[in-house]
Structures are given as structure tokens and as C-alpha cells.
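Computed from a predicted structure; not experimentally measured. Note on naming: letters A, B, ... go to the chains in the order of the sequence lines (proteins, then strands), and numbering restarts at 1 for each one.
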2 protein chains.
Amino acid sequence: MPNSSTTHEVLTAVFQVRHFPADAVASRSGAVCHAGGATELAVLLWQRARDPQADAWSLPGGLVRNDEDLITSARRQLAEKVDVQEVSHLEQLSVFSDPHRVPGPRTIASTFLGLVPLPADPKLPTDTVWHPVSDLPEMAFDHGTVVEHARTRLAAKLSYTNIAYGLAPAEFPMSTLREIYCAALGYQVDATNLARVLGRRGVLTATGNTARSGRTGGRPAALYRFTDSCLRVTDEFAALRPPV
Amino acid sequence: MPNSSTTHEVLTAVFQVRHFPADAVASRSGAVCHAGGATELAVLLWQRARDPQADAWSLPGGLVRNDEDLITSARRQLAEKVDVQEVSHLEQLSVFSDPHRVPGPRTIASTFLGLVPLPADPKLPTDTVWHPVSDLPEMAFDHGTVVEHARTRLAAKLSYTNIAYGLAPAEFPMSTLREIYCAALGYQVDATNLARVLGRRGVLTATGNTARSGRTGGRPAALYRFTDSCLRVTDEFAALRPPV
DNA sequence: ACAAAAGTGTTCGTGCTACACCCATGG
DNA sequence: CCATGGGTGTAGCACGAACACTTTTGT
């Protein structure tokens, strides 16, 4: 039987927007580091203790059991690294199936994108660390490629879905949402227009609450929440819309 | 070992825009049938001869071998149904992994979208037929869901990529491209605006040739081809464009 | 000349960006 | 009362939809 020894694993790129202190940032080159560090998109990685690829960094995941579907498997594997309650969004990415992508028995990898919202800060095992995506360490196997795919997918979906609900707190001022978009997209986004775009599409709902202004003054910010807490496509057709 | 008996299969939804004669169309309800039949998006299906689900219709595919990646497997499986040279585009869709999606040993299905251009008309085995997607027969297992996913993905990509190269002939007038878009999207598209949109994005290139006008007169049409013959995203950001 | 099909030009609406200007709060 | 951050108003631009009008062919 030519396929008897093929196994199937799940790998998840879990992202969160996190603040990295100045000293950690200073050593790197291209990072946007204003005083006090930088707010960046981070991915959860663990460092391999044993060969193959000892010391290289891996995505959380593992073999799929015979009685679970892939998303269940992904959640189960993540439970070993973070509190699963904190994972607000999980979706399938593509499958990596090169017969020689890992040494040993042939293993097909189904990859997932996971999101953890602010301000969660789960306790992590000692081998597991959040890494800024702008400065990834040496990655095991094809895991670096998986992270790139996940990043690209996240950036794309930020522009035509409400996927940011997976990164944002339950209630937030526009300035926080702006930081999230800037970190995840990697370029500056205007809070004014962001509010208008997402407002028009019905993605955001005003809660009526306001944040207290900071020590340094300033008008108190209105607080918003995401209208839906599951993925919704909000701008389906860029062109070639169906006639009304 | 909890995962020793899991197998992996590939399923491909192969689409082509095809002309169905009037008598075949007349019996159906909602189809757009002008005199002479209808031009519709069709999917390649084969009818199961044996249980389980004898007589129900299935997507082409089969088990993945230990030494091939998924896309190679998909091409190999398709070779049994159509001339693989005719498949102009093949891309991954999502994975179906419910442990009970098929009877017998647990089988994970990786699904693909395949496209066959006009005017190819491959010889098919006797159990295999092109079915209009607007009138699918009883489908085996979860194959109906797979076809729906594939259709949705195709429609979405028609609006922001050059994926129509996979359905169009090497050289074509705008009227033909219009038919392709109408069939695949399921609604009317204006040839005038289609040419402008795709032209502006650099998707289409004029060949300089012209088609002869039909028996009934009319101005000869300019012929175009797709600039690229592999997938290219042509309208990446619907909103939240990066600053210039 | 007329019908048919292709191509062009024009108007309109909409959505996003950019930026100037007004509002509320703390020191 | 001024600095700071939040919010509103508005002008401009780019894109696509719709549709009238012109061009080129066959009969």
C-alpha cells in the first residue's frame, strides 16, 4: 500500500498584537521604535529541544487523531501552549504536502491561522515565546513559509472582512483599533477614515461608553465593539458587482 | 496508534463554460434559455457504479500516494478522466476532515479547483459527464458542498484576479469573454465595462487581430489574450490601501 | 439602405483619502 | 489658557455602472 505510512499534522500560526519594550527593539534594524518600544504583530513559537532541527523554532501543532477533525485537533494542540479560551478566531489556510517537507515518515501539514485578542497575556511554557513577525528567528522545516502565508492572509482579510474582531479587545477606542491595524498591516492607517469605513459597513457598533482621558489631557474617546464575533465578509466584490 | 488508519484523498471540482442544447435546458426551471440553449458553467462528475452511494455522482479524485504531493496527485487522478494538458489552472481549496464524512476508514479530503478553457472538449469515459452547476444531480457524500465552495471561490476570484485565463481560449473577442463571465458569475456583465476594467488592470492585451464578422453582419471584433497565464492578483486592496 | 455587432464617450454615483477645522479634557 | 488627543466637515480623486451614440461589417 503506497499510502499506508502517511500521517497528517496540524500547524497553527497564532498571532497577537503585542508591545515590545525598547531594549528588545533597539537591537533590530527596520523596526518602528518610538520611545517606549514598538507595538507589533507577534507569532507564537516554541524552540525545539531535540533533533531534527534542534534549537530551531516551530509552530504549535501535532498529529491529527483518527476521531477528530482538523479544527478540533488544532484547538487541542494549542491547549498545550495557551489557554484555548483566549483564541478568538481559527481558520484553515493551505496544506503543505511536499513528501520531503520533514524528515522521517511522510507528513502532510494542514495549516491554520489563529488570533488572540488584546489584552490577553496567557502564561506560556518555558520553551514558548511570542516573536515579532518582523524579526523571526531561524525556523524549522517549512514553518517560516507558513507564517508568511498566514500574515498575508490576515492582511488581506483585514481589508474586506471583520477579522480584526479576533485581535481587538471587547471594547476599545478608535486609537487602539488603529494601532492593531497598523501593527498587522505594517503601514500607517488613519483612525478617522478607519472609523468611517468600518462604520459604514456596519462592522463597528458604538457602545455609548467613553474612555477616561489620559494624564496628559485630551478629549475622552468613544468606545466601540465589533458588531459580530464571527467572521463576516463585508466587502465582497471589489469590481463586477451584480446588478441591483 | 490513534491515527494509523487515516487516509488522504484529493477531490477536484473541474469547471468549464459549456453550451447546453435547448432540449436539455427546456426541462429545467430557472435556467436562462434563449433559443438554441444556454451557455453555463459546468462541472465534471462521474456516476458511482457500486455502493456506497451507488448511482450518486462524485468528483474525480482518489487516494494520495506516499511519494506525491497533493497537486501532483490531483493531476494524476484527473488524467483518468480528461487530458491533463487541457487543465489550465489548478488550485487548493479547503480540507474536509469530518471523521464520518465517508463510510469506512477515516478519510481526509483535500479539495481543488480546476479549470478547462474553451474550446476544449475532451473525450470522457462513459461514466463521466459535464453537469451544469445550476442543475446538479444527487451528489455523493459531501461532494455537493465541495462544488459549492469551488463555485464561490471562482466567482470571488473573477473579480479581483486574472483567473478567467483558465476558462478563456488563447485568443478571443470581448463577446466571448463576456459569456464566460456571465456563465461563471450567474448574472449579466457588460462587455464594455469588462473590457475597461480588465484593460486598466493590465490583465488583457490586444493581439491586433480581428475576428471575421458573422453571417448576419456586424463590425469585426478585436481579439485579446490574457497577459499572464498564471494566477495574478490584480485588485488586492478593496479598502485600506497602503499610502503611496 | 438597413440590421447587427463592436467600440467610444459621457454622465452619474459611490467609496476612500487627505487634511483642515472644531471639541473636550488635564495641567 | 494652552497642550493634547478625539471627532467632524469637506474637497478631491479614482473607479465602476449605465446608456446613448458612432463605427464597421453583411445582406
Side-chain angles (χ1 to χ4, degrees), chain A residues 34-36 39 158-161 171-179 181-182 185 187-224 233-244, chain B residues 34-36 158-161 171-182 185 187-224 233-244:
Chain A
H34 41 77
T39 299
L158 281 172
S159 89
Y160 70 93
T161 74
E171 206 180 43
F172 49 85
M174 284 308 304
S175 56
T176 298
L177 192 60
R178 188 186 99 93
E179 279 186 5
Y181 270 82
C182 290
L185 292 174
Y187 54 79
Q188 291 305 108
V189 173
D190 180 24
T192 299
N193 293 326
L194 186 61
R196 273 199 272 247
V197 169
L198 298 182
R200 176 172 31 231
R201 296 179 181 173
V203 173
L204 294 183
T205 304
T207 63
N209 304 331
T210 55
R212 276 199 305 283
S213 46
R215 299 107 200 90
T216 162
R219 176 171 168 174
L223 297 180
Y224 297 84
V233 174
T234 59
D235 193 26
E236 192 161 9
F237 294 96
L240 309 176
R241 285 180 191 71
V244 288
Chain B
H34 42 76
L158 281 172
S159 90
Y160 70 92
T161 74
E171 207 180 43
F172 49 86
M174 284 309 304
S175 56
T176 298
L177 193 60
R178 188 186 100 94
E179 279 186 5
I180 291 169
Y181 270 82
C182 290
L185 292 174
Y187 54 79
Q188 292 303 110
V189 174
D190 180 26
T192 298
N193 293 327
L194 186 61
R196 271 199 274 246
V197 169
L198 299 181
R200 188 187 0 248
R201 296 179 181 172
V203 172
L204 295 183
T205 304
T207 63
N209 304 332
T210 55
R212 276 198 305 282
S213 45
R215 299 106 200 90
T216 161
R219 176 170 168 173
L223 297 180
Y224 297 85
V233 174
T234 59
D235 193 24
E236 192 161 8
F237 296 95
L240 308 175
R241 285 180 191 69
V244 288

Main-chain N/O of A:Phe237 paired with B:Ser159 side-chain donor or acceptor, under 3.5 Å | no
Side chain of A:Thr234, backbone of A:Tyr160: donor and acceptor closer than 3.5 Å?
-> yes
Among C:dG7, C:dA24, D:dA18, the one nearest any side-chain atom of A:Pro220 is C:dA24
Check every atom of D:dG7, C:dA4, C:dG15 against the side chain of A:Ala221 and return the nucleotide holding the closest atom.
-> D:dG7
Residue mapping more 5' on DNA chain C - nearest nucleotide basis, B:Gly218 or B:Leu223 | B:Gly218
Tell me which of B:Thr192 and B:Ala239 sits closer to the 5' end of DNA chain C, going by the nucleotide each one is nearest to.
-> B:Thr192
Heavy atoms under 4.0 Å, any strand shown: does [X] hit a base, just sugar-phosphate, or nothing?
X: B:Arg201; value: sugar-phosphate
X: A:Ala191; value: nothing
X: A:Ala195; value: nothing
X: B:Ser175; value: sugar-phosphate

Could you pick out which residue, B:Asp235 or A:Tyr224, lies toward the 5' side of DNA chain D when each is mapped onto its nearest nucleotide?
-> A:Tyr224
Has A:Arg241 got a side-chain N or O lying under 4.0 Å from the OP1 or OP2 atom of C:dT14?
-> no
Report the distance from atom [atom1] of [X] to atom [atom2] of [N], rounded to the nearest whole Å.
X: B:Tyr181; N: D:dG16; atom1: OH; atom2: P; result: 12 Å
X: A:Leu185; N: C:dT17; atom1: CG; atom2: P; result: 11 Å
X: B:Leu240; N: C:dG15; atom1: CG; atom2: P; result: 15 Å
X: B:Arg219; N: C:dC2; atom1: CZ; atom2: C1'; result: 18 Å
X: B:Gln188; N: D:dA18; atom1: CD; atom2: P; result: 11 Å
X: B:Arg200; N: D:dG16; atom1: CZ; atom2: C1'; result: 7 Å
X: A:Asn193; N: D:dA11; atom1: CG; atom2: P; result: 16 Å
X: A:Asp190; N: D:dG7; atom1: CG; atom2: P; result: 12 Å

Trace of the side-chain contact (heavy atoms from CB on, under 4.5 Å) decision for B:Leu194 with A:Leu240 = CA-CA 8 Å; B:Leu194 186 61; A:Leu240 309 176; 3.9 Å; yes
Drop me the distance from A:Met174's CE to A:Asn193's CG, to the nearest 0.5 angstrom.
-> 10.0 Å
Gap between atom OH of A:Tyr224 and atom CG of A:Leu177 - 0.5 Å precision = 10.5 Å
Go through the N and O atoms of the side chain of A:Arg196 and the base of C:dT14, and report whether any donor-acceptor pair is under 3.5 Å.
-> no
